[in-house]
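See structure below.
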Amino acid sequence: ILIWITVEVASKWFFMGRRKEGRFNWDTSNYGQNWELYQIISPIRELGRLNILDFICGTPYMASFFRLLGCKIGDDCCLYPAGSDPLMPEPDLVEIGDRCIIDCASVVCHLNTRGNFELAKIKLHDNVTLRTRARIQQGVIMESGSMLLEKSLAMTGEVIESDSVWVGAPAARLLNYDTSSIGTRYSGSQNGEMA
């Protein structure tokens, strides 16, 4: 696993470097060719029907793996506990806050249409949940405490509002919930009364 991670991370930085937002036309940019060369290396992670990532899915090592690929990830995140296909193809354009869960969901920062390969950042604030087979596209922002339910699609540039649950393809707000009772903390007084 360590040999594979070394090869994967080295080939990502050698072929792709740090990705940047923008448009990369297939006939004027070498981004597409570099991406294809990197994809040639990627099958090294597969052993028949088994993917080496299956051994670290859902563990803190998965977050460390994506950090090595350039992703900004906060504390206490659970990434792909049930696996996923595809995993984040552009992790260096994704920013994930604290205590987020991505469960078998697609986080895709690119849009490939009519010869234009376009990249835009995705930002997940704290306490965000992406349920099984949810999909978010380039430019999506999920605010704190938001959730995208199973098989739902957040369209390009969508803002999923804080403390809300979204569903459907394209996604629409299902409900908002009250978080005023969450996060009560001790006041620091000697008798230990709640603040």
Side-chain angles (χ1 to χ4, degrees), residues 18-24 53 56-113 116-187 194-195:
R18 179 166 297 280
R19 291 181 181 92
K20 296 178 180 150
E21 290 184 280
R23 179 173 288 171
F24 304 92
L53 282 176
I56 62 171
C57 282
T59 71
Y61 299 114
M62 193 64 155
S64 297
F65 169 69
F66 282 115
R67 284 184 187 112
L68 290 172
L69 295 177
C71 188
K72 294 178 183 173
I73 302 175
D75 296 329
D76 303 323
C77 292
C78 182
L79 304 179
Y80 305 108
S84 184
D85 188 23
L87 296 168
M88 283 186 267
E90 299 95 9
D92 39 357
L93 290 176
V94 178
E95 187 174 336
I96 301 173
D98 297 336
R99 297 169 304 281
C100 292
I101 300 170
I102 300 176
D103 181 20
C104 198
S106 296
V107 180
V108 179
C109 296
H110 69 265
L111 185 62
N112 187 13
T113 55
N116 291 320
F117 197 86
E118 196 171 336
L119 295 169
K121 291 183 179 181
I122 290 176
K123 182 163 185 172
L124 309 178
H125 291 261
D126 297 342
N127 303 310
V128 166
T129 302
L130 294 173
R131 303 290 297 263
T132 302
R133 295 182 64 196
R135 180 180 174 96
I136 57 176
Q137 295 182 329
Q138 64 167 190
V140 167
I141 297 173
M142 292 188 71
E143 295 178 347
S144 295
S146 60
M147 179 185 296
L148 190 61
L149 294 181
E150 290 83 357
K151 299 181 182 178
S152 297
L153 170 66
M155 300 292 285
T156 299
E158 188 100 53
V159 176
I160 307 296
E161 297 162 355
S162 62
D163 302 326
S164 63
V165 178
W166 290 56
V167 65
R173 185 176 46 240
L174 177 65
L175 59 95
N176 281 37
Y177 53 91
D178 179 22
T179 60
S180 61
S181 64
I182 299 174
T184 325
R185 60 184 179 187
Y186 289 97
S187 65
M194 296 290 284

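Only a predicted model underlies this, so the values are computations on that prediction, with no experimental measurement involved.
Atoms OG1 and CD, from T156 and E118 in turn, are 8.0 Å apart once rounded to the nearest 0.5 Å. Atom CD of Q137 is separated from atom NE2 of H110 by 9.5 Å, given to the nearest 0.5 angstrom. To the nearest 0.5 Å, the span separating OG on S164 from CG on L174 amounts to 9.5 Å.
Applying the side-chain hydrogen bond (donor to acceptor under 3.5 Å, both in side chains) criterion to D103, with sequence neighbours excluded, gives T132. Taking the side-chain hydrogen bond (donor to acceptor under 3.5 Å, both in side chains) definition, one finds that R19 meets it with Y31, D92, sequence neighbours left out. Annotation: salt bridge (charged side-chain N to carboxylate O under 4.0 Å, His left out) contacts of R133 (sequence neighbours excluded): none.
Side-chain contact between M62 and L87: present, with at least one pair of heavy atoms (C-beta onward) separated by less than 4.5 Å. Two residues are said to be in side-chain contact when any heavy atoms from C-beta on lie closer than 4.5 Å; C71 and L69 fail this criterion. Residues L79 and I73 form a side-chain contact, since some pair of their non-hydrogen atoms from C-beta on lies under 4.5 Å apart.
Listed by first and then second residue, the salt bridge (Lys or Arg N to Asp or Glu O under 4.0 Å) pairs that reach into residues 144-165 are R131-E150, E161-R173, sequence neighbours excluded. Under the side-chain hydrogen bond (donor to acceptor under 3.5 Å, both in side chains) criterion, no residue pair touches residues 138-149, with sequence neighbours excluded.
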Let me check something: any side-chain donor-acceptor pairs from residues 119-128 under 3.5 Å, sequence neighbours excluded? List them with distances.
unit_1, atom_1, unit_2, atom_2, d
D126, OD1, D98, N, 2.8
N127, OD1, R99, NE, 3.0

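No donor-acceptor distance shorter than 3.5 angstrom exists from the side chain of R23 to the backbone of N116, with no hydrogens or angles considered.
Ring geometry for Y80 against F66 counts as tilted: the plane angle lies between 30° and 60°, on a 0 to 90° scale.
Residue I102 comes nearest to A105 through the heavy atom pair CG2-CB, 4.0 Å, listed as atom of the first residue, atom of the second, then distance. Of all non-hydrogen atoms in G97 and C77, the two that sit nearest each other are O-SG, 3.0 Å. The heavy-atom pair separating G58 from C78 by the smallest distance is O-SG, 3.9 Å.
Other residues, nucleotides and ligands contribute only 12 or fewer heavy atoms inside 6.0 Å of the OH atom of Y61.
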